[in-house]
Amino acid sequence: MIYDFDRVIDRSGTFSEKWNTKDGELPMWVADMDFETAPEIKQAILERAEHGVFGYSFVPDEWYEAYINWWDRRYGYKMDKDSLLYCTGVVPTIAACIRTFTEPGDNVLLISPIYNHFFYAIKNNERVPVECPLVYQNDSFEIDWEKLENACEDPHTSLIIFCNPHNPTGSFWSKDDLEKVGKICSRNGVTVISDEIHCDLTEPGVKYIPFASVNDTNREISITCIAPSKSFNIAGIFSAATSIPNKTLRDKVSKALSACEIAEPNAFAIQATVAAYKHGGPWLEEARKYIFENKKYIKEYIAENIPGLKDVSGPCTYLSWIDTRELGEASVGFAKKLRQQTGLWVVDGKAYGKAGEGYFRLNAASPRSMVEDGMKRLKAGAEM
């Protein structure tokens with residue numbers, strides 16, 4: 001390993017949301033890493049900062065080429081330049097799409113448990129979140145196809161937010177899964193927003209499949225949201241993209257992004273993105289290996305040392321999804337009690353919808369010493 005992921009970096013004084021903690025607390029909640037980003041990204045930002053003039057930026061060809069080449073090289077999916085739109089973030093883009101493709105009171109379908117900010121985006125825009133809960137069987141989470149079909153048949157449902165790979169369960173969707181989702185949605189006139197922000201963070205040997213790459217049907221009904229933010233730990237740079245092959249959908253989204261003033265890059269967004277996708281591959285490969293060794297350690301530690309808990313995470317994302325339901329009544333408010341009693345800060349699964357009740361989400365993207373500390377605190381909390 002040529003990168004030091006074991007190094008503990010003091011993030012105090014950086015206005016870190018993750019580390020806005022009380023003394024003695026260990027935050028393993030919000031989805032950012034405790035690793036320094038790839039050195040090539042850091043260098044690109046430093047060189048831009050040295051220039052000293054930070055005016056408005058445009059989106060150059062290099063930005064488009066970086067996205068196109070990365071997805072083509074890694075996933076065999078060739079995006080057209082015309083399909084790509086710059087945006088400041090995935091969640092703002094999803095909120096803009098909700099306003100564009102639905103009316104107040106309409107349903108927006110979610111395969112839950114799912115990222116909590118999707119609920120906020122839906123409710124804050126006066127739409128109705130409708131959950132289609134995943135089913136846990138055969139040691140993995142699977143889509144309930146009958147419930148998905150029924151939900152899509154509702155005339156008040158014209159939009160689904162789909163997570164590929166899935167946050168928070170870490171589930172991997174096969175080509176067959178993606179094809180089925182596309183068929184059901186196309187048949188019922190439902191547009192698919194595919195959040196693929198965690199796409200690069202899969203267990204070594206596992207490669208995600210872009211939703212739009214499966215077939216022409218999926219391409220024509222989908223709006224794919226992508227970004228280097230999770231993969232390279234640069235979420236605070238606010239740089240993302242959406243790929244929309246269908247021109248009618250793309251024109252509507254383009255107008256929505258401009259109307260919401262989220263279609264222009266800041267002074268560092270282009271440089272950071274281009275550096276990530278052109279030069280960050282070796283760093284990412286080492287980070288993935290490190291993260292999934294952490295996830296393996298967490299799963300084994302819980303299985304061997306903490307009766308009543310079960311790690312049911314899939315092979316994607318740097319997030320662990322922990323089942324507490326065997327604790328019975330003690331599972332209610334477990335995350336809150338865990339923080340109060342041990343200082344370990346995780347996210348209560350109910351934040352991700354009704355299907356998340358009885359679980360919690362834990363971030364494994366930290367130096368091993370911090371992960372080990374977290375497991376000791378988790379064991380202590382489960383025994384109280």
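The structure displayed is predicted, hence computed values, not measured ones.
- In terms of modelled atom types and a separation under 3.5 Å, the side chain of Ser186 and the main chain of Lys183 share no donor-acceptor contact.
- For the atom pair CE (Met28) and CE (Met370), the distance works out to 7.0 Å, reported to the nearest 0.5 Å.
- Lys350 NZ: 12 or fewer foreign heavy atoms inside a 6.0 Å radius.
- Relative orientation of the Trp71 and Tyr67 rings is parallel, given thresholds of 30° and 60° on the angle between their planes.
- Between the side chain of Asn294 and the backbone N or O of Ile291 there is no donor-acceptor pair closer than 3.5 Å.
- Expressed to the nearest 0.5 Å, how far NZ of Lys289 lies from CD of Glu203 amounts to 13.0 Å.
- Residues Phe172 and Val181 fall within the same hydrophobic cluster, defined by Ile, Leu, Val, Met, Phe, Trp and Tyr side chains chained together at heavy-atom separations under 4.5 Å.
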### Task
Check the pair Val253 / Cys97 against side chain to side chain contact (heavy atoms under 4.5 Å, CB included), numbers first and verdict last.
CA-CA 6 Å; Val253 174; Cys97 289; 3.9 Å; yes
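- A pairwise comparison of heavy atoms in Lys18 and Met33 identifies NZ-C, 4.4 Å as the closest pair.
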### Task
Could you walk me through whether Asp176 and Lys180 pass salt bridge (charged side-chain N to carboxylate O under 4.0 Å, His left out), step by step?
CA-CA 6 Å; Asp176 185 54; Lys180 284 183 180 180; 3.7 Å; yes
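- Glu300 and Asn305 are not linked by any side-chain donor-acceptor pair at a separation below 3.5 angstrom, with hydrogens and angles left out of the test.
- Annotation for Glu142: atom CD counts as buried by contact number, over 12 foreign heavy atoms lying within 6.0 Å.
- Placement of Val8 and Leu26 within a single hydrophobic cluster is found when ILVMFWY residues are connected by side-chain heavy-atom separations under 4.5 Å, directly or transitively.
- Other residues, nucleotides and ligands contribute at most 12 non-hydrogen atoms within 6.0 Å of the CD atom of Glu50.
- Classified by interplanar angle (parallel below 30°, tilted 30° to 60°, perpendicular above 60°), the ring pair Trp29/Trp345 is parallel.
- Under the ring-ring contact (aromatic ring centres under 6.0 Å, His included) test applied with Phe35, the options Trp283, Tyr290, Tyr3, Tyr318 reduce to a single match, Tyr290.
- Residues Leu319 and Tyr301 do not share a hydrophobic cluster, clusters being chains of Ile/Leu/Val/Met/Phe/Trp/Tyr side chains in contact below 4.5 Å.
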### Query
Would Leu257 and Thr93 count as a side chain to side chain contact (heavy atoms under 4.5 Å, CB included) if you check the C-alpha gap in whole Å, the side-chain angles of each, and the deciding distance to 0.1 Å?
CA-CA 7 Å; Leu257 297 178; Thr93 298; 3.8 Å; yes
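- In this structure, CD1 in Ile161 is found 12.0 Å from OG in Ser112, a value given to the nearest 0.5 Å.
- Residue Glu146 qualifies as open at atom CD: its count of foreign heavy atoms under 6.0 Å is 12 or below.
- The aromatic rings of Phe54 and Phe268 lie tilted to each other, with the angle between the two planes from 30° to 60°.
- Atom CG of Leu344 is separated from atom CZ of Arg339 by 10.0 Å, given to the nearest 0.5 angstrom.
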### Task
Go through the steps to decide whether Asp200 and Tyr208 satisfy the test side chain to side chain contact (heavy atoms under 4.5 Å, CB included), and finish with yes or no.
CA-CA 8 Å; Asp200 298 315; Tyr208 107 109; 5.6 Å; no
### Query
Please walk me through it: do Glu103 and Arg127 pass salt bridge (charged side-chain N to carboxylate O under 4.0 Å, His left out)?
CA-CA 7 Å; Glu103 298 293 333; Arg127 276 67 169 175; 5.0 Å; no
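- Annotation: the span from Ser57 atom OG to Asn266 atom CG amounts to 7.0 Å, rounded to 0.5 Å.
- Ser320 and Arg361 form no side-chain donor-acceptor contact under 3.5 Å, judged by distance and modelled atom types alone.
- Qualifying salt bridge (Lys or Arg N to Asp or Glu O under 4.0 Å) partners for Lys81, counting only residues two or more places apart in sequence or in other chains: Asp61.
- Here the CD-CH2 distance, from Glu196 to Trp173, works out to 12.5 Å after rounding to the nearest 0.5 Å.
- Contact annotation: the side chain of Leu309 approaches that of Ile302 to within less than 4.5 Å [non-hydrogen atoms, C-beta and beyond].
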### Query
Could you walk me through whether Glu36 and Arg7 pass the salt bridge (charged side-chain N to carboxylate O under 4.0 Å, His left out) check?
CA-CA 9 Å; Glu36 187 174 83; Arg7 181 165 68 96; 3.5 Å; yes
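- The aromatic rings of Tyr277 and Trp70 sit tilted relative to each other, their planes meeting at an angle between 30° and 60°.
- Judged by a 6.0 Å distance limit and a 45° cone about the ring axis, Arg368 is positioned over the six-membered ring of Tyr297.
- Ring geometry for Phe118 versus Tyr115: interplanar angle over 60°, hence perpendicular rather than tilted (30 to 60°).
- Checking each of Tyr359, Phe141, Trp321 against Tyr136 for a ring-ring contact (aromatic ring centres under 6.0 Å, His included) leaves exactly one that passes, namely Phe141.
- More than 12 heavy atoms of other residues, nucleotides or ligands shown are found within 6.0 angstrom of CD on Glu285.
- Paired with Ile237 under the rule side chain to side chain contact (heavy atoms under 4.5 Å, CB included), one option of Thr273, Ile41, Ile45 passes, and it is Ile45.
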### Lys78/Asp72 under salt bridge (charged side-chain N to carboxylate O under 4.0 Å, His left out): CA gap, chis, key distance, verdict
CA-CA 5 Å; Lys78 187 83 170 182; Asp72 186 22; 3.7 Å; yes
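- The minimum heavy-atom distance linking Ser16 with Arg11 is given by the pair OG-NH2, 3.4 Å.
- At distances below 3.5 Å, at least one donor-acceptor pair connects side-chain atoms of Asn246 with backbone N or O atoms of Glu220.
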